[in-house]
Amino acid sequence: MNALLLRFFQVLRELRAANRANVTVTFALASLPLVSFVGAAVDYSNANSVKTALQVATDSTALMLSKTAASMTSSQLQTQADNYVKALFNRPEASSLTVTATYSTSGGSQVLLSARASVKANFMSVFGVGTMTTGATSEVKWGNTKLRVALVLDNTGSMADDGKMPALITATKSLLSQLQAAATNTGDVYVSVIPFVKDVNVGPSNYEAAWIDWTDWDANNGSCSRSKYSDSQSDCEAHGKTWTPADHSTWNGCVTDRGNSNGPAAGAYDTNVTTPSINNVPTLYPAEQYASCPAAAIMALNYDWSSMTSLVNRMSPNGNTNQAIGLQLGWQSLVGGGPFPSPPAMDPNYKYSQVIILLTDGLNTQDRWYTSQTSIDNRQALTCANAKAAGITLYTVQVNTGGDPTSTLLKNCASDSSKFFLLTTANQIVTTFNQIGTALSNLRIAM
């Protein structure tokens, strides 16, 4: 009996000291949340994979819709969105797919696309979570940059050589077509055209405008009381005769560089866009009866593509080269003043890019104030610097078919090296303007 009792108590002591069964029980109890967490992770990973696929489908669909959204009704846009997303989203474990698409033109064109889908939960269903909802959104914006472009085009006599003028006309009309196509809405793109030679034709119909200085024109155009001395006012009056200026309506429309009668330093108005004022004569545009006045007069910022095309067709080569006045008036056209009305106010909901494209085939030979190319170039360089400082983007194109040296002036005038083009044949004008037009169109429709 004693031996049995001793054995009984020994077994009790061993049972109390045993712990291997506790580990098993503890592990069994702990495995339940562990299995749940692993299952949830698997379900979440699957749902995230579905979400990634849905995002790719919505992004692709939004980009495709942006090409045609402006021409579709809201119901057509919704139908297309449904079809595109369902064709691109191929995940059978997802169900209840819904797609919503909207198009608006507030602050530029934009397509907003959202999609939602349910994903079956394989492990979490044990805990009462049968499905998981996932979604994706995509927004594509374009056309939130408005363009204002000044085309400053060489119409000098040398443009008659090597087919340059016909090529320029073709290239400019093609560029206008590109810019027109880039405009989603009326007024998204404005263009001015400034043909130049030594002078610029601002239109003879403006002979009564207050921004014209007639001082020199009156002195050189008129009649003397004795016809023998009718070459100029000074010649007439030097012989004691009376000078009568010609009627301003006989003016051919040409103006020359601004500045003042004592030289260009006072105000430097030939290098900036100070608004002309009758109270400050040097700011006015001096009329000149230049015999080689451009056949095509300037055109202010507008979106009348047909009229601009007609103007370009009227361009013909004649006269000497003064890039500086073309550049100054091109810049003036972007801000208004003088020959140009004030452009429409800039809408704060949009970005604006103001651009000058200056094309010339020759080196500077003549302007109002200087006779040497170096002096003219140095003066024009100030205009280039002033325009760039004002935020104007400058493209410069040198058409060099005659073996002239590369123009350092034009290279430095461009906003950066990618915006200077050195051409050696006339047909390169067409390809270059196409390249510039593509760059501007891409800027306009950038997503």
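Asn378 and Tyr370 share no donor-acceptor pair across their side chains, judged by distance under 3.5 Å alone. Judged by distance alone, the side chains of Ser75 and Thr73 do bring a donor and an acceptor atom under 3.5 Å apart. Ser104 and Gln110 share a donor-acceptor pair across their side chains, judged by distance under 3.5 Å alone. Asn364 and Gln380 share a donor-acceptor pair across their side chains, judged by distance under 3.5 Å alone. Under 3.5 Å, the side chains of Thr365 and Asn320 contain no donor-acceptor pair of N or O atoms. Inspection of the Asn302 and Asp304 side chains reveals no N or O donor paired with an N or O acceptor under 3.5 Å. In this model, a donor atom of one side chain and an acceptor atom of the other lie less than 3.5 Å apart for Lys173 and Asn313. Side-chain contact of Asp257 with Asn322: a donor-acceptor pair under 3.5 Å is present, judged by distance alone. Under 3.5 Å, the side chains of Thr271 and Thr383 contain no donor-acceptor pair of N or O atoms. Between the side chains of Ser375 and Ser372, at least one donor-acceptor pair of N or O atoms lies under 3.5 Å. A side-chain donor-acceptor contact under 3.5 Å links Glu237 and Gln233.
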Would Thr424 and Asn400 satisfy side-chain hydrogen bond (donor to acceptor under 3.5 Å, both in side chains), going step by step from the backbone distance to the final call?
CA-CA 5 Å; Thr424 56; Asn400 187 3; over 6 Å; no

Please step through side chain to side chain contact (heavy atoms under 4.5 Å, CB included) for the pair Val152 and Leu359, ending with a clear verdict.
CA-CA 6 Å; Val152 180; Leu359 177 141; over 6 Å; no

Candidate pair Phe340 and Val273, rule side chain to side chain contact (heavy atoms under 4.5 Å, CB included), full reasoning
CA-CA 11 Å; Phe340 307 103; Val273 287; over 6 Å; no

Side chain to side chain contact (heavy atoms under 4.5 Å, CB included) between Gln323 and Leu410: does it pass, once the steps are laid out?
CA-CA 10 Å; Gln323 302 166 22; Leu410 292 176; 3.4 Å; yes

Could you walk me through whether Asp270 and Arg379 satisfy the salt bridge (charged side-chain N to carboxylate O under 4.0 Å, His left out) test, starting with their C-alpha distance in whole Å, then the side-chain angles of each, then the deciding distance to 0.1 Å, before giving a yes or no?
CA-CA 8 Å; Asp270 57 331; Arg379 194 67 181 172; 2.9 Å; yes

Quick one: do Tyr352 and Thr145 satisfy side chain to side chain contact (heavy atoms under 4.5 Å, CB included)? Show the steps, please.
CA-CA 5 Å; Tyr352 285 79; Thr145 297; over 6 Å; no

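Atom NZ in Lys419 sits 15.0 Å away from atom CG in Leu358 (nearest 0.5 Å). The CG atom of Leu423 lies 7.0 Å from the OG1 atom of Thr431; values are rounded to the nearest 0.5 Å. Note: Ile356 CD1 to Ile392 CD1 = 5.5 Å, rounded to the nearest 0.5 Å. Distance check: Thr393 OG1 to Arg148 CZ gives 14.0 Å after rounding to the nearest 0.5 Å. The CG atom of Asn252 sits 4.0 Å away from atom CD of Gln289, with the distance rounded to the nearest 0.5 Å. Taken from CG in Leu113 to OG in Ser138, the straight-line distance is 6.5 Å, to the nearest 0.5 Å.
Ser415 contributes a side-chain N or O that, together with a main-chain N or O of Leu394, makes up a donor-acceptor pair within less than 3.5 Å. In this structure a side-chain-to-backbone donor-acceptor pair under 3.5 Å is missing from Thr172 to Ile169. Under the 3.5 Å distance criterion, the side-chain polar atoms of Thr100 are left unmatched by any main-chain donor or acceptor of Ser114. Looking only at distances, no side-chain donor or acceptor of Asn201 sits under 3.5 Å from a matching main-chain atom of Cys293.
The aromatic rings of His248 and Trp217 stand perpendicular to each other, their planes meeting at an angle above 60°, with 30° marking the opposite boundary. Taking the six-membered ring where tryptophan is involved, the planes of Trp214 and Trp251 are perpendicular, since the angle between them exceeds 60° and thus also 30°.
In plain terms, the two heavy atoms of Asn272 and Gln328 that are nearest each other are O-NE2, 2.8 Å. The minimum heavy-atom distance between Asp218 and Trp243, with the atom names listed, is O-NE1, 2.7 Å. Minimum heavy-atom separation, Ala426 to Ala167: O-CB, 3.4 Å. The shortest heavy-atom contact between Ser225 and Cys236 is N-SG, 4.2 Å.
Taking 4.5 Å as the limit, some side-chain heavy atom of Val149 sits within range of a side-chain heavy atom of Ile357. Using a 4.5 Å heavy-atom cutoff, the side chains of Arg116 and Thr134 are not in contact. For the pair Val193 and Ser333, the minimum side-chain heavy-atom distance is 4.5 Å or more. Counting heavy atoms from C-beta on, the side chains of Trp211 and Val202 come closer than 4.5 Å. Side-chain contact between Leu327 and Cys413 is present, with at least one heavy-atom pair separated by less than 4.5 Å. The closest side-chain heavy-atom distance from Leu179 to Val191 is below 4.5 Å. A 4.5 Å side-chain heavy-atom check between Ser109 and Tyr103 finds at least one atom pair inside the cut-off.
Within 6.0 Å of the CG atom in Asn90, the count of heavy atoms belonging to other residues, nucleotides or ligands does not exceed 12.
Remark: Arg258 is positioned above the aromatic ring of Tyr285, its terminal NZ or CZ atom under 6.0 angstrom from the ring centre and at most 45 degrees off the axis. In this structure, Lys146 fails the cation-pi test against Tyr190, since its NZ or CZ atom is not both closer than 6.0 Å to the six-membered ring centre and inside 45 degrees of the ring normal.
Remark: Glu288 does not engage Arg368 in a salt bridge, criterion side-chain N to carboxylate O under 4.0 Å.
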